[in-house]
S.K.: 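Shown below is the structure under consideration.
Everything numeric in this text was worked out from a predicted model, so none of it was measured. When reading the values below, keep in mind they use all heavy atoms of this one structure, side chains included, and skip hydrogens, waters and symmetry mates. Counting starts at 1 for both ligands and their atoms, following the listed order.
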Amino acid sequence: MLRRILRQLLPLNSRNNGPCHFTFDYKSSSIEEIAYALRKFGGVHIKNFYSSSELVEVFNDYLSDSFTIPDNKIVYDFDVKDYHHQRGPVIRGSVATEFTNRFGRREKLFIDSGMIDFFSPKLEGKQQIASDSIVSFTNNVLALAFSEQFSSGQHHIYIYNSVKTPRCFHRDCYVPRVKSFLTLKGVDSLEQGPYGFHPFSHRLRWLRFSILQVINFIFGSDLGGSYTDSTLTSSRQIVPFFNTCGDLLITRQDCTHGDFPCTVSFKKVVLVQNFFLR
Ligand SMILES: [Fe+2]
């Protein structure tokens, strides 16, 4: 209850964090200004990074409204302890997570229910070319933005089918880590459940992360089921990305980030590439 009140009272860093500060057009922007914005704000939106007509054609299977996966094709290896080492596709939200609701009672939540997560899917021809272009461009941005060196990790394709209960806003870690999202089917309203992040929230990250972990460890997360949940961040502090096919989003995952709940019937699709510290 106290944290719910604090979330209303502590909207930090509301200054100078509108999307105009970190939104760029690919053709008319320099990589230096994109890198500077990523370093300063923690996220960037690069419009028209890739040809939308080409993406629609080559990722047509994933974008089709009739796309479904038979149950016997779902792969989840329970012997693999690290989620990131799974091979998909995996249906998220099939197992309930318990959390403490606003009245202090335990409640079950099916996080990311409606989402299909393809782990390192095999990419064919022009799909691989699109993926390679994200890796190459993001590596160049990271080389300018950070003193640390990164290397690319696994890729995913996320299909969100009207995800009404996304994971709450959170940090993945407190060391720099980056994700690049190539939009295959974007969103243009809050009701469709855009991805977003909290600008500047990577600052003092070690301190913020430590305090949050201790609070969440003692009291439990009242928003989800993890110590890394941003239980002192209001959704009003999260800036949503409204994007279209071909746009590229790059965010630091040590910034608070996540998806807004989708409150209408809507499908969004992204190709995601991870980057880890070497
Ligand atoms: Fe995350």
S.K.: Kindly list each side-chain donor-acceptor pair under 3.5 angstrom involving residues 44-51, sequence neighbours excluded, with atom names and distances?
M.R.:
residue: H45; atom: NE2; partner: D247; partner atom: OD2; Å: 2.9
residue: N48; atom: ND2; partner: D25; partner atom: OD1; Å: 2.7
residue: S51; atom: OG; partner: S53; partner atom: OG; Å: 3.2
residue: S51; atom: OG; partner: E54; partner atom: N; Å: 3.2

S.K.: Can you list, by chain and residue number, the protein N, O or S atoms under 2.8 Å from the Fe ion (ligand 1)?
M.R.: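 Correct list: H170 NE2, D172 OD1, H257 NE2.
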S.K.: Relative to Y158, does R92 satisfy both conditions: NZ or CZ under 6.0 angstrom from the six-membered ring centre, and within 45 degrees of the ring's axis?
M.R.: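 R92 over Y158 ring: yes.
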S.K.: Suppose we screen for salt bridge (Lys or Arg N to Asp or Glu O under 4.0 Å). Which residues come up paired with D229, at least two apart in sequence or across chains?
M.R.: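 So D229 forms a salt bridge (Lys or Arg N to Asp or Glu O under 4.0 Å) with R167.
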S.K.: Identify, with sequence neighbours excluded, every residue that meets side-chain hydrogen bond (donor to acceptor under 3.5 Å, both in side chains) alongside E148.
M.R.: none
S.K.: Given the ring of F266, does K185 sit roughly above its face, with NZ or CZ under 6.0 Å from the centre of the six-membered ring and within 45° of the axis?
M.R.: yes
S.K.: Is there a side-chain contact between P121 and Y62, using heavy atoms and a 4.5 Å cut-off?
M.R.: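 Yes; the side chains approach each other to less than 4.5 Å.
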